[in-house]
Protein chains: 2
Amino acid sequence: MTKPRVNSALIRRINTGRLFHIIRQNAGISQQQLSHVSGIDPATISIIINNLEAAGIVRRVIDAPTGRAGRPTSALSIDARAGYLAGIGIEPDAIRIVLATIDGARCADLIVPGSLDPEAAREAARAGLASALRMVRARRSTLLGVGIALPGLVSLDGQVVFAPNLGWRDLDFAAGLRQSLKCPIRLENDVKAAALAEHLFGASRDITDFVYVMGRSGIGGGLHLMGELYRGPHGLAGEIGHMKIVPGGRLCGCGGHGCFEAYASERAILAELAAQGHPARDVDAVLAACRDGDKTVLAVLAEAGAHLGLGLANLINIMSPRRVVLGGSLARLAPFLLPAAARALDENALAAIRHDVELVVSVMGDHAAPMGGIALALQQFLDDPPVRLGHPRESGRRTK
Amino acid sequence: MTKPRVNSALIRRINTGRLFHIIRQNAGISQQQLSHVSGIDPATISIIINNLEAAGIVRRVIDAPTGRAGRPTSALSIDARAGYLAGIGIEPDAIRIVLATIDGARCADLIVPGSLDPEAAREAARAGLASALRMVRARRSTLLGVGIALPGLVSLDGQVVFAPNLGWRDLDFAAGLRQSLKCPIRLENDVKAAALAEHLFGASRDITDFVYVMGRSGIGGGLHLMGELYRGPHGLAGEIGHMKIVPGGRLCGCGGHGCFEAYASERAILAELAAQGHPARDVDAVLAACRDGDKTVLAVLAEAGAHLGLGLANLINIMSPRRVVLGGSLARLAPFLLPAAARALDENALAAIRHDVELVVSVMGDHAAPMGGIALALQQFLDDPPVRLGHPRESGRRTK
DNA sequence: TGGGTTTATTAAAGAGTAAAAATAATTCGC
DNA sequence: GCGAATTATTTTTACTCTTTAATAAACCCA
């Protein structure tokens, strides 16, 4: 049971974080606007901004004259030179590495072959990260944090509990990297990480309550509630793939029957196509067939879309989020899934609740997992900044 | 969009509230133990306790000698003389009123006939409340807060959006009472309120993440996440009754098919019995038949229990709570529902998640809703105490 | 009286807020 | 054209509030 002390340091950390994100998402904002937006007093802002500037996190540029009277504003922005964050998305067959500045701007992108052997995957990630750093001509000491996102159950303390696709169980994947990289590392389930990225960098920045639904081979979910990721008491909340939508229905990989992901996942769609004798074996082929107007494929997708809508309706009835974000292969297939899904949603979600829910598609694409890693790293960076922010005001007070 | 300022006053409110609840649940605790339990510094505690004592909220009794050396501890407890909280549970046919001291101890209990006319219901509640106050010989000025719990959708600002059982829509039920009672009033959905009561007064005091599932005529839910009630962006989260567990299944009152409450609610059970020609028309009759070993009733309940387990499995798969609490008529029928429900749970919930979830029955009984009202009133009292706590330290500083 | 235990007080450090002051441009008056 | 007034933004100062650590006080028992 964590009980963070409620004290001044916490206040400062919260307010600093809030200002950081506002600046990040509104580059060029002035201190006065910042005060208006955040509700924090201008004096407090002055102090915090000065600290952030001294730490090299925020940059201040005096604006060009506007032509109007008064002292010109200075434009605040996150200083890209502060250092880099790395996001690592681990999949069975590929490891995606993204390097970003601390404002989340992507500046390097890399895919290396994956491995089911943890040690090999770790080494591949490490080597890939080194390459990425070379790509931007950055020294390893400029790496401020690393976030790792992988498909599987991850405990609250970042241990891999079970990752069926990777064949990993009870593994501290980050430990080895932490040693060799000498910088903070966080590890999280890829869908939860992607939800975080959606909140920090995506289209749902101002949405405090949304559900991220990601189709990979199966279906995962991330609950973002009250402005923060909800992990649940064991870190397993949001695993919606095995919600039962058809009692006694199709056999699922989990051993159960009628699971959500046995009907609406990429794997389920491909399996259904195969069962109907269709040659498509991956999402690209499915999309190509759709564009050619392949009736079989369109029918299968409509069917899957209807089940998708049914599952989402349950999710919406329970959580009443403001938005549902679709990611992964669900996002790619969305054009052909959504019509049926929207119908099923209208039919099965309570009207009063359905009315206020948007169903949108993530724009993150394949970057969802590694950008989730960036989000994790950024969160870590703000939770526990390497330079002590908010230190005592320099004692250079002039006396009258 | 609420954005509470993060400042010293907030810290004090949070810490004061924490101490209040610890004292409430551990009457007789000493300041030192309080510090140990809460993690708050003894000095801070000293100040806060002095304020609470001066406000008449906490009482300090110097303990009898313990036989051991040292200054005797003083026992802290919530001062029952501080005043009363009222909880009002509104149902179509009855209004339940509970009076409690601010530590949540029930001291009066009353049921008056209900009404579908808002004005009549309001007047009945007001009159009942006056009677309850007379029962404990208390003046109306000692009433510190009122919480109202009713079956229906309630917006975040306490407006009744839709209460089908009462036939109310878009109604500010509390407004009239607020005028005549001249004390703070909060209004909330009864299941959410009951979940709050379960957290503050029930068996789930130390559980930060649980789901409260209440069977009335339908089925409602309350999500208690991260130590607080989750209302969702519109206050409609947790309305699990219309989760679809059987696609295209039984017609539900909502117009949809296959809803949770069309299979596992009191109304559904009674309807099924009627369809099978059984004479039981209420829960009492059902329970009596069960005790007589009535096969028909037991079979219907087992069937309903299986569907209950199926619905709970979905809830658990999504939320991964630490506990599911059953209340209302589900609690009364629990002995005959649970075996089948537990089986369905084992079958349909992911093992990794199922393993850490308890399924328990609320001990609140019929008091759930009005005690929910008490919980609301207490929360209101602590959020916005009538006497300003944490006032400036008395200026009686002695100088050396 | 002295030892031990618990509570209360005090001083220090840090946070936020409000008001005043400083800063830096433009605009006005001549 | 040039200085003073104006305007808008940021910083400083003064103050309150909070936590925390160190210190003092209160109290019982031996």
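Quick note on labels: first sequence line is chain A, next is B, and so on, each numbered from 1.
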OP1 or OP2 of [N] under 4.0 Å from side-chain N/O of [X]:
{"X": "A:T73", "N": "D:dT10", "answer": "no"}
{"X": "A:N15", "N": "C:dG16", "answer": "yes"}
{"X": "A:Q33", "N": "D:dT9", "answer": "no"}
{"X": "B:R12", "N": "C:dA15", "answer": "no"}
{"X": "A:Q32", "N": "D:dA8", "answer": "no"}
{"X": "A:N7", "N": "D:dT20", "answer": "yes"}

*Of A:R71 and A:A9, the one whose closest DNA chain C nucleotide lies more 5'*: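 First, find each residue's nearest nucleotide; the 5'-ward one identifies A:A9.
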Is there side-chain contact between [X] and [Y], with at least one heavy-atom pair below 4.5 Å?
{"X": "B:D383", "Y": "B:R186", "result": "yes"}
{"X": "B:L382", "Y": "B:H21", "result": "yes"}
{"X": "A:L376", "Y": "A:I148", "result": "no"}
{"X": "A:R24", "Y": "A:L200", "result": "yes"}

Send over the distance from [X] [atom1] to [N] [atom2], rounded to a whole Å.
{"X": "B:I49", "N": "C:dT9", "atom1": "CD1", "atom2": "P", "answer": "13 Å"}
{"X": "B:D41", "N": "C:dT7", "atom1": "CG", "atom2": "P", "answer": "13 Å"}
{"X": "B:L10", "N": "D:dT18", "atom1": "CG", "atom2": "P", "answer": "11 Å"}
{"X": "B:I47", "N": "C:dA11", "atom1": "CD1", "atom2": "C1'", "answer": "12 Å"}
{"X": "B:Q31", "N": "C:dT9", "atom1": "CD", "atom2": "P", "answer": "10 Å"}
{"X": "B:I45", "N": "D:dT19", "atom1": "CD1", "atom2": "C1'", "answer": "11 Å"}
{"X": "A:L34", "N": "C:dG16", "atom1": "CG", "atom2": "C1'", "answer": "15 Å"}
{"X": "B:R5", "N": "D:dC17", "atom1": "CZ", "atom2": "P", "answer": "16 Å"}

*Please report the shortest heavy-atom distance between B:N15 and A:V6, naming the atom on each side.*
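Residues B:N15 and A:V6, closest heavy atoms: ND2-O, 3.5 Å.
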*Do you know the tightest heavy-atom contact between B:P233 and A:S320?*
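For B:P233 versus A:S320, the nearest heavy atoms are CD-O, 3.1 Å.
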*Indicate the ring-plane relationship of B:H199 and B:H224, choosing parallel, tilted or perpendicular according to the 30° and 60° boundaries.*
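Correct class here is tilted.
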*Quick one: bend of the helix from C:dT1-D:dA30 to C:dC30-D:dG1 from 5 pairs per end, to 10°?*
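Result, rounded to 10 degrees: 40°.
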Of the options [options], whose atoms approach the side-chain atoms of [X] most closely?
{"X": "A:P72", "options": "D:dT10, C:dA24, C:dT17", "result": "C:dA24"}
{"X": "B:T44", "options": "C:dA8, D:dT20, D:dT11", "result": "D:dT20"}
{"X": "A:S8", "options": "C:dA15, D:dT11, D:dT20", "result": "C:dA15"}
{"X": "B:S46", "options": "C:dT9, C:dA18, D:dT19", "result": "C:dT9"}
{"X": "A:R60", "options": "C:dA8, D:dT11, D:dT18", "result": "D:dT11"}

*Check B:L236, B:L156, B:L223 against B:R231 for a side chain to side chain contact (heavy atoms under 4.5 Å, CB included) and give me the one that passes.*
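In the set B:L236, B:L156, B:L223, the residue that makes a side chain to side chain contact (heavy atoms under 4.5 Å, CB included) with B:R231 is B:L156.
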